[in-house]
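Atoms within a ligand are numbered from 1 in the order they appear, just like the ligands themselves. Just the heavy atoms: all of them, side chains too, but no hydrogens, waters or symmetry mates, feed the values below.
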Amino acid sequence: MESVRVLGVAEADEMARQLAKVLPPRISAPFTSAFVRSSTLFDEYVDGLVLSVFRAVGLTAATRQGGTADEIVARAGFEPARARVPVEWILRRMGRRGILERSDGGGPTRFRLGAELPELDPVSVREEQRRLDPSWLPSYVLAETVAGDYPAFLRGERAGEEILFSPARLRLWVDFFSNDNGLYAVNNSVGAGAVEEWLPQAPVTVVELGGGLGSGATAVLDALRRAGRWPGIREYRFTELVPAFLRRGQNTLQTRFPDASFLRFAPLDMNRPFGDQGVAPGSVSLVYAVNTLHVARDLDFTLQEIFHALTPGGRLVVSECVRTVPAHVIYVEFIFNLMETFRAPVLNPSYRPNGGFLTPEQWQGAMQAAGFADVQLFPDIRRLRTNFPDFCVAAVSACCPA
Ligand SMILES: C[S@@+](CC[C@H](N)C(=O)[O-])C[C@H]1O[C@@H](n2cnc3c(N)ncnc32)[C@H](O)[C@@H]1O
């Protein structure tokens, strides 16, 4: 069992000190003691929600007698196609905490509830978070809202997409995908640091994929302006699949950067050929995306479209939540496992063996298979993961050979 608990102040101070020594200086600032402690608080909060879902949907009875995830899904009477991934995730989360016994005797992991379920107290965790850093609270609200609808989802009564993206819930996403959300902002600041690090020679033509509500683009444009790199930008094309997100993202960016005459806005579906959507082959020097490529229906297809859109010497930079090892169960997956595009993409045995987030090695394999060279991570999770097994934010970049 890994050690899973909320860190005390002194331990979080120490971990932040250690992180500052190993992170690239360009991106180290947000990884403070409060960030480290908040991560462990949110982890604890999600486990509390997981436990409440576990009880509510009858998994207590279904796990008394040991079984694989498939057997437990069948015993609980869930629809396997949608429930398998989230239920296995729940079982692994509880195994990680020592609530379920796990046995990995060669075949699929078996899980068994041996003792009584513990009581976790999400309310006091949330209050502690409020005192420590209230900027994390939008993530709590989103996770709690999703938890309320998990039983209906697992029983097959409601689609995950309907739960997550009903119009009434747009506000939750606006607050979540935001540079004011302490949990999410690091994805944008790491991405912006990576773009600064790898920005190709001017003049630069950028296409951002899945730009959403514009928080990732805001962080990049702020960073490039501070670094005096705006004169080198010929075009920054902000693209997005969902029309309501695109409109909102456009509005945010045009309001914040009225002088950015290089900004363009267009719909783009990364699951369809880019050439049919106004992105000509060999026309782009930088493709950028924050937490978007892992929901590509067929990652191989999307990476090849990106590869062909790039000029020789052009770069792909993606800021992603990264699994440190294949078995890493990351807290935000509790939310995103409801999305079919997240949990069930086209698989590839070597670099896409499952849905959700990828490991450094899987990103490297996927990018190399599409023809990319010089795959690099920023920060290099492979060097960090022994000492920081839960550090899961990184940018991955690769080059289209000249
Ligand atoms: C993690 S969000 C990105 C958030 C964004 N950086 C922001 O600041 O709001 C991922 C985005 O990918 C978009 N997306 C999902 N499927 C897509 C597809 N097939 N093509 C392009 N974008 C897609 C989603 O609509 C969402 O806005």
Q.
Run the side-chain contact (heavy atoms from CB on, under 4.5 Å) test on Leu303 and Leu293 for me, step by step, so that the C-alpha distance in whole Å, both residues' side-chain angles and the decisive distance to 0.1 Å come before the verdict.
A. CA-CA 9 Å; Leu303 284 172; Leu293 286 204; 3.8 Å; yes
Q: Check whether the side chains of Asp121 and Ser124 place a donor and an acceptor atom closer than 3.5 Å, and report yes or no.
A: yes
Ligand 1 polar-atom proximity to protein (N/O, under 3.5 Å):
from	atom 1	to	atom 2	distance (Å)
ligand 1	8 (O)	Ser215	N	2.8
ligand 1	8 (O)	Ser215	OG	2.4
ligand 1	8 (O)	Gly216	N	3.1
ligand 1	9 (O)	Leu213	N	2.7
ligand 1	19 (N)	Asp269	OD1	2.9
ligand 1	19 (N)	Asn271	ND2	3.3
ligand 1	20 (N)	Met270	N	2.9
ligand 1	25 (O)	Glu240	OE2	2.5
ligand 1	27 (O)	Glu240	OE1	2.8
ligand 1	27 (O)	Glu240	OE2	3.4

Q. Is any side-chain heavy atom of Arg92 less than 4.5 Å from a side-chain heavy atom of Phe111?
A. yes
Q) With Asn354, which residues qualify under side chain to side chain contact (heavy atoms under 4.5 Å, CB included), at least two apart? A) Arg323
Q.
Could you check whether atom CD of Gln201 has more than 12 heavy atoms from other residues, nucleotides or ligands sitting under 6.0 Å from it?
A. no
(Q) Quiz question: by atom type and distance under 3.5 Å, do the side chains of Ser319 and Asn188 form a donor-acceptor pair? (A) no
